[in-house]
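Presented below is the structure to which this report refers.
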Amino acid sequence: MNRSKIVFTDYYYPHNHIEVEILKKLGDVEIIDCTKLFPGGIKDEDRVLEYASDADAIIVQFAKISRRVIERLERCKIISRYAIGVDVIDVKAAKEKGIVVANVPDYCIEEVSDTAIAHIFNCVRKISRSNDLVHQEKWVFTNVKPIHRFSSLTVGLLAFGNISRKVAEKLRSFGVKILAYDPFFSQPEIYPWVTFLSLEEVLAQADILSVHVPLTEQSHHLLNRERFGLMKKGVIIVNTSRGGLIDEVALAEAIDLGIVAGAGLDVLEYPDEDYGKSILTRYSDKVCITSHFGWYSEEALIELQTKTAMNVYEMLKNGKPLYQV
């Protein structure tokens, strides 16, 4: 049996001991960890090709695996990503090349759904804003008006995948009306307490919009100037999916116009380390931005690292990963 070569392009976790131990069980294997060679690993296409062009498997977090890279991979069988989304990988090009793209679609459902709900409650009850005012010795309840009873509100879920469904299940007990838009969800009868509508109808009726759509070329800037114009005045926007789903300039304009009363965002259009460049950081009284940590718990991290490696192990050992896009 030929020796297998596995390349880690990049990751930002403390270590990859879990993955390495799993992959060593393949037997004769060469493991190249580019984070050990370059701080933060490699993301440049030419550098990726330098180290991974002859790899049997590539494990990636943020490095962009474009068509150009994929077409030059000589024997790659699988590209496994540390994530649910695979927007950094040209999936179409990989399929044309016969390369499997794998993700971990179920590792942080509890964590991200909890984060979405935390942002919803923070925006509705204005917890962060009240805290800021107390520290500024400006506390009177009129400074956070208006606040509406949560059970009187309508929550609109954009997409109805694993995380969004978990949000719906957790919110159900609060008595809110739940709407959902998802043209790809085929079993609405399983959720008779959720009203499925068109995108335009959800945008027009929801007091709170929680975004759970995968980022693709088609969904980029799903919430743009035109669609903010369809929303209720005073709507709350929560995004724990991908930053590129929202046109941030259009969101800032909607805040200025009073269309959007508040937003809770765990993701922005900028890379994590560049969040400070976003125009939305100017709206600290109306926008709560967290550091793309919605996926994180100690348990979720272990699960992600384990399953990302198991995708590669199963593919090289048995010809099929745990999860395939």
Side-chain angles (χ1 to χ4, degrees), residues 1-13 16 19-20 22-23 26-105 184 213-222 241-245 269-272 274 304-305 307-325:
M1 181 177 176
N2 293 330
R3 189 179 207 198
S4 295
K5 179 179 177 180
I6 302 168
V7 174
F8 290 81
T9 60
D10 64 303
Y11 56 87
Y12 67 179
Y13 313 122
N16 64 346
E19 298 95 308
V20 169
I22 291 170
L23 296 172
L26 288 166
D28 190 11
V29 60
E30 177 187 9
I31 299 173
I32 306 293
D33 182 353
C34 292
T35 70
K36 301 291 194 297
L37 305 174
F38 306 94
I42 56 175
K43 301 179 181 69
D44 176 79
E45 289 186 4
D46 291 330
R47 190 59 62 79
V48 170
L49 285 169
E50 180 183 348
Y51 285 89
S53 61
D54 61 344
D56 296 278
I58 301 172
I59 296 177
V60 57
Q61 185 160 36
F62 298 119
K64 190 169 181 61
I65 310 298
S66 67
R67 176 176 289 274
R68 174 176 174 266
V69 171
I70 287 167
E71 288 177 346
R72 288 164 174 75
L73 298 178
E74 298 168 7
R75 66 187 198 198
C76 186
K77 300 176 182 65
I78 182 171
I79 303 168
S80 184
R81 189 178 186 213
Y82 287 110
I84 295 174
V86 291
D87 43 289
V88 302
I89 303 168
D90 190 326
V91 177
K92 185 173 183 291
K95 287 182 178 179
E96 291 172 2
K97 184 82 169 178
I99 298 172
V100 169
V101 176
N103 65 344
V104 186
F184 303 105
V213 180
L215 181 60
T216 64
E217 289 183 9
Q218 293 71 36
S219 65
H220 181 257
H221 284 184
L222 176 73
S241 185
R242 288 288 184 267
L245 296 167
E269 289 200 84
Y270 293 86
D272 296 357
D274 293 330
L304 175 62
Q305 293 183 272
K307 289 182 174 179
T308 299
M310 284 302 300
N311 276 330
V312 172
Y313 176 88
E314 289 293 332
M315 184 68 196
L316 298 185
K317 183 78 172 178
N318 301 311
K320 186 177 180 180
L322 293 179
Y323 306 101
Q324 182 171 344
V325 175

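Excluded from the calculations below are hydrogen atoms, water molecules and symmetry mates; all remaining heavy atoms, backbone and side chain alike, are included. For clarity, every value in this text was computed on a predicted model and none was experimentally measured.
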Nearest 0.5 angstrom please: [X] [atom1] to [Y] [atom2], how far?
X: R81; Y: T9; atom1: CZ; atom2: OG1; answer: 9.5 Å
X: E314; Y: Q324; atom1: CD; atom2: CD; answer: 13.0 Å
X: M315; Y: S80; atom1: CE; atom2: OG; answer: 11.0 Å

- Yes or no on side chain to side chain contact (heavy atoms under 4.5 Å, CB included) for I6 and L26, after CA distance, side-chain angles and deciding distance? CA-CA 11 Å; I6 302 168; L26 288 166; 4.0 Å; yes

- Task: With the side chain counted from C-beta on, respond yes when V213 and Q218 share a heavy-atom pair under 4.5 Å apart, and no when they do not.
- Result: no

- Message: Is the shortest side-chain heavy-atom distance between R67 and K92 below 4.5 Å?
- Response: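 Side chain of R67 against side chain of K92, heavy atoms only: contact under 4.5 Å found.
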
Any donor-acceptor pair under 3.5 Å from [X] side chain to [Y] backbone:
X: N318; Y: K320; value: no
X: D44; Y: R47; value: yes
X: D10; Y: K43; value: no
X: N103; Y: V86; value: no
X: Q61; Y: Y12; value: yes

- Does the pair D46/R68 count as a salt bridge with the N-to-O cut at 4.0 Å? yes

- Is the closest basic N to carboxylate O distance between D56 and K5 below 4.0 Å?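 So D56 does not pair with K5 through a salt bridge.
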
- Count the heavy atoms belonging to other residues, nucleotides or ligands that lie under 6.0 Å from NZ of K97, then report whether that count exceeds 12.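 Check passes, neighbour count above 12.
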
- Query: What orientation do Y11 and Y13 show, parallel under 30°, tilted 30 to 60°, or perpendicular over 60°?
  - Reply: parallel

